[in-house]
**Student:** 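Quick one: the structure is below, questions incoming.
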Amino acid sequence: MATEQQSHGSGVKHRHRHEGPQRHIVVFIFSIVLTLIAFAAVAAGGINATFAVVLLLVMAVLQVFLQMGFWMHLKDKGHMLPIIFMLGGFFIAGTCIIMALYWVWWD
């Protein structure tokens, strides 16, 4: 990690943390591996359908966290408001899906 020193008018030098490409490369490779495992699970054909669906859902959730954490920089400080709005959106979408399923199946 490279650091740069910046002066903010008061003569005090603050260090700016610069994140290199190493973590992004590791996350990219991990995303590719997750995608290949998902394709292999579907292409195998002999796998139980329930196990394949659960495996794909787990890998999808991992991909979402990786994408949001590293590519959308939500792991950094100062991104709490977008996280709160996304969680609110997930809550509203989940509520709508549950209510739609309830309406269709038990009405």
Side-chain angles (χ1 to χ4, degrees):
M1 276 184 244
T3 57
E4 300 172 6
Q5 292 188 358
Q6 297 177 347
S7 177
H8 293 287
S10 64
V12 178
K13 293 187 177 189
H14 298 280
R15 292 188 145 202
H16 175 70
R17 186 170 170 243
H18 179 71
E19 186 175 293
Q22 295 87 6
R23 285 189 180 171
H24 288 90
I25 292 170
V26 170
V27 170
F28 178 71
I29 291 171
F30 191 59
S31 295
I32 296 285
V33 168
L34 287 175
T35 303
L36 290 175
I37 291 171
F39 278 126
V42 172
I47 296 176
N48 184 1
T50 305
F51 176 74
V53 168
V54 170
L55 180 68
L56 291 175
L57 287 174
V58 167
M59 296 214 187
V61 169
L62 282 173
Q63 286 274 17
V64 165
F65 283 123
L66 285 173
Q67 299 297 324
M68 286 195 297
F70 286 92
W71 302 116
M72 295 176 67
H73 302 284
L74 293 181
K75 64 179 175 41
D76 298 336
K77 290 182 181 178
H79 289 90
M80 189 53 71
L81 194 60
I83 292 171
I84 290 170
F85 280 116
M86 278 194 271
L87 290 174
F90 290 144
F91 177 74
I92 291 170
T95 302
C96 290
I97 291 169
I98 290 170
M99 294 309 293
L101 292 174
Y102 177 76
W103 185 22
V104 169
W105 283 342
W106 290 287
D107 188 32

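From a predicted model like this one, the values you see are computed outputs, not experimental measurements.
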**Student:** Ignoring hydrogens, what is the shortest heavy-atom contact between Leu55 and Ala41? Give both atom names and the distance.
**Tutor:**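 For Leu55 versus Ala41, the nearest heavy atoms are CD2-CB, 3.6 Å.
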
**Student:** Under the criterion side chain to side chain contact (heavy atoms under 4.5 Å, CB included), which of Leu36, Ile37, Thr35 is the partner of Val33?
**Tutor:**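 Per the side chain to side chain contact (heavy atoms under 4.5 Å, CB included) rule, the option paired with Val33 is Ile37, out of Leu36, Ile37, Thr35.
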
**Student:** Cluster question for you: counting only ILVMFWY and a side-chain heavy-atom cut-off of under 4.5 Å, with indirect links fine, are Val61 and Met86 together?
**Tutor:**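 Looking at the clustering, Met86 is in a separate group from Val61.
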
**Student:** Could you list the residues that satisfy side-chain contact (heavy atoms from CB on, under 4.5 Å) with Leu101, not counting sequence neighbours?
**Tutor:**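 By the side-chain contact (heavy atoms from CB on, under 4.5 Å) rule, Leu101 matches Ile97, Trp105.
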
**Student:** Indicate if Phe65 and Val26 have the same hydrophobic cluster label, given that clusters are the connected sets of ILVMFWY residues with side-chain heavy-atom separations under 4.5 angstrom.
**Tutor:**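 Looking at the clustering, Val26 is in a separate group from Phe65.
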
**Student:** When you measure from the side chain of Gln63 to the backbone N and O of Leu34, does any donor-acceptor pair fall under 3.5 Å?
**Tutor:**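 Side chain of Gln63 to backbone of Leu34, a donor-acceptor pair under 3.5 Å: no, none is there.
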
**Student:** List the atom of Leu66, the atom of Ser31, and the distance in Å for their closest heavy-atom pair.
**Tutor:**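 Where Leu66 meets Ser31 most closely, the heavy atoms are CD1-OG, 4.0 Å.
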
**Student:** Determine whether Leu62 and Ile32 fall in the same hydrophobic cluster, where Ile, Leu, Val, Met, Phe, Trp and Tyr are linked whenever their side-chain heavy atoms lie under 4.5 Å apart.
**Tutor:**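 Per the 4.5 Å side-chain linkage, Leu62 and Ile32 are co-clustered.
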
**Student:** How many angstroms lie between CG in Leu56 and CD1 in Ile47, if you round to the nearest 0.5 Å?
**Tutor:**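 Answer rounded to 0.5 Å: 9.0 Å.
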
**Student:** Out of curiosity, does Met59 fall in the hydrophobic cluster containing Val53 (side-chain heavy atoms, cut-off under 4.5 Å, transitive links)?
**Tutor:**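 No, no single cluster joins them.
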
